[in-house]
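Input: a single structure, listed below in C-alpha cells.
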Amino acid sequence: MRRLVLALALLSFSAPAFAVNPDEMLKDPAQEHRARELGKDLRCLVCQNQSIDDSDADLAKDLRVIVRERIAKGDSDDQVRKFVVDRYGDYVLLKPPFKASTLALWLGPVALFVGALAVIVGFYRRRRTAEAAPPPPLSVEEQKRLDKLLKESER
Amino acid sequence: MRRLLTLLPVAIFAVLALFFLKGLTLNPRDIPSVLIDRPVPEMNLAPLPGRGEASGLSTDNLKGRVSLVNIYGSWCISCVQEHPYLMEIKKRGDVVIQAIDWRDDPVLGAAWLKKNGDPYERVGVDPPPGRTAVDFGVTGAPESFIVDKAGVIRYKHVGPINPELWAKTLLPIIRELEKK
C-alpha cells in the first residue's frame with residue numbers, strides 16, 4: 001500500500017516531457033522561462049494540435065530556436081508573438097485572439113447557453129401560469145353540448 | 001408553433017451535420033497564408049555547391065517578371081513525386097522556377113538535383129533553423145509561391161504541383177499576372 005502511494009505521488013509530481021532540447025535553451029533562466037511560456041501557446045504547424053514546445057517536428061524546433069533568438073535580441077513577449085503571427089497568421093496561436101472575426105467563436109457558447117436557459121425558464125413559467133389560471137368559462141354552445149353529453153351518460 | 005419548436009433539435013442537428021460534412025472535405029493542411037499580397041521577405045541565400053557562384057537567391061532576383069518559388073529539400077518525399085512535373089514546366093518554358101533548398105545539407109541538395117533533374121534557375125540554401133522559410137510562412141515541403149513582377153507574393157500552394165492543378169489554377173494566375 002505504501003509503495004502504491006509512493007508510486008502515485010511520484011507520478012503526480014513528474015513533469016510532462018517537453019521536446020525542448022538542452023542545446024536550444026537560453027542561458028538566462030528568466031529568458032528561457034519566457035520562451036517556454038510563449039512556446040506553450042504557439043501551434044506546431046506540422047502536428048497542428050501540439051504546441052511547438054511539445055512537438056519533435058523540425059519546424060517546431062526551428063520556431064523554438066527563432067523565438068529564443070528574438071528574446072535574446074530583446075523582443076518583448078508581444079513582439080515575439082507578433083513576429084510569428086505575421087508569418088503564420090492567427091492560426092499559429094493555440095488560443096485564438098478576441099476580435100471581430102472570432103466573435104462567434106468566443107461568444108457563441110455563451111449565447112447558446114443563455115438562449116437555452118431562456119427557453120427553459122420560459123417553458124416552466126408558461127406551465128405554471130397555465131396551472132394557476134382557471135380555465136376560461138364555457139361558451140353557451142359548449143355548455144349545451146356538455147349538458148347533452150352528461151344527460152346521455154346518465155341514461 | 002409548439003410542433004415547430006419540437007423540431008428545433010432536429011434542425012440544430014442538421015445544421016451541425018452540414019458543417020461537419022463540409023469539414024470532412026477540407027484539408028487541415030491548407031492553412032490560409034497571411035503572406036498573400038505581401039512583398040517577398042528580405043533574403044540573400046547562398047548558392048548550391050557546383051551551381052555557380054552567382055546562382056543563389058535574393059529578394060531582387062524575384063523582381064521584374066512573374067516567377068514560381070518552390071520550396072524543396074533532399075529529405076522531402078513528396079518533392080520526388082512533384083519533381084518530374086517541374087521538369088516539364090521548365091521544358092515548356094511556362095514560367096521561371098526559383099527554389100529554396102530548405103533545412104538541407106547543400107551537398108545533398110545539389111546531389112538530389114543531379115539525380116532528379118534541375119528545373120530551377122536559381123537555388124538558395126536555407127539551412128536550419130530555416131529563417132527565410134519561416135519568413136515565407138512555410139509549413140512543409142513542397143510548397144510553391146507565385147510572385148508577381150513587383151516581387152509581391154500572389155499565391156501559395158501547399159503540397160506537390162500536379163498537371164491538373166497547374167493547368168486549372170496556377171498557370172491561369174501566372175498568365176493573368178504577366179498581363180499586368
Side-chain angles (χ1 to χ4, degrees), chain A residues 20-21 23-24 35 39 42-50 52 55-73 80-94 96-97 101 104-105 108-109 111-113 115-116 118-120 122-123 126-127 130, chain B residues 1-2 4-9 11-13 15-16 19 23 26-43 71-78 100-105 126-143 145 153 156 158-159:
Chain A
V20 185
N21 295 322
D23 61 320
E24 295 169 8
L42 293 175
R43 187 191 298 273
C44 162
L45 280 305
V46 182
C47 357
Q48 303 206 334
N49 283 328
Q50 278 187 311
I52 57 168
S55 170
D56 276 323
D58 287 337
L59 183 60
K61 182 187 166 73
D62 288 354
L63 283 172
R64 284 199 300 271
V65 170
I66 287 170
V67 162
R68 279 164 180 73
E69 273 177 9
R70 311 286 324 171
I71 289 175
K73 268 186 202 152
V80 174
R81 223 172 277 130
K82 187 177 178 305
F83 178 90
V84 183
V85 169
D86 264 355
R87 284 149 181 79
Y88 289 100
D90 287 336
Y91 180 77
V92 81
L93 300 174
L94 282 168
S101 60
L105 182 69
L112 217 63
F113 179 74
V119 168
I120 292 168
F123 175 76
R126 219 177 311 137
R127 206 167 73 165
Chain B
M1 184 59 207
R2 254 276 139 81
L4 277 180
L5 213 61
T6 56
L7 283 177
L8 193 67
I12 292 173
F13 172 78
V15 170
L16 277 179
F19 271 102
L26 294 176
N27 179 1
R29 302 261 156 211
D30 262 346
I31 304 155
S33 175
V34 286
L35 275 106
I36 305 301
D37 295 337
R38 290 225 303 245
V40 165
E42 278 307 313
M43 60 173 170
I71 313 287
Y72 89 102
S74 66
W75 48 268
C76 160
I77 295 159
S78 309
I100 293 174
D101 184 15
W102 180 41
R103 281 195 126 267
D104 206 1
D105 177 344
D126 188 24
R131 289 189 184 82
T132 301
V134 167
D135 284 346
F136 267 95
V138 165
T139 60
E143 237 168 61
F145 295 83
I153 297 170
K156 173 191 184 179
V158 177

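So that the names make sense, note that chain A is the first sequence line, chain B the second, and so on, each numbered from 1.
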Heavy-atom cut-off 4.5 Å, strictly under: side chain, backbone, both or neither for A:Val65 against chain B? side chain
Measure distances from B:Arg38 to the heavy atoms of chain A and classify the residue's part below 4.5 Å as side chain, backbone, both or neither. side chain
Do B:Trp102 and A:Leu59 make a side-chain contact, defined as non-hydrogen atoms from C-beta onward lying under 4.5 Å apart? yes
With sequence neighbours left out, write down each residue that passes side chain to side chain donor-acceptor pair (under 3.5 Å) with B:Thr139, or none if nothing qualifies. B:Glu143
Using a cut-off of under 4.5 Å on heavy-atom pairs, state which of B:Pro41, B:Gly130, B:Ala133, B:Pro129 scores highest against chain A. B:Pro129
Please name all residues satisfying side chain to side chain donor-acceptor pair (under 3.5 Å) with B:Arg103, sequence neighbours left out, ordered by chain then number. A:Asp62
Chain B shares the most heavy-atom pairs under 4.5 Å, among A:Val46, A:Asp58, A:Ile66, with A:Asp58
Under 4.5 Å from a heavy atom of chain B, the part of A:Val85 involved: backbone
Do A:Arg87 and B:Val34 touch side chain to side chain, with heavy atoms closer than 4.5 Å? no
Treating A:Tyr88 as the side-chain partner and B:Ser33 as the backbone partner, does any N or O pair qualify as donor plus acceptor under 3.5 Å? no
Tell me if the CD1 atom of B:Ile77 is crowded by more than 12 foreign heavy atoms within 6.0 Å. no
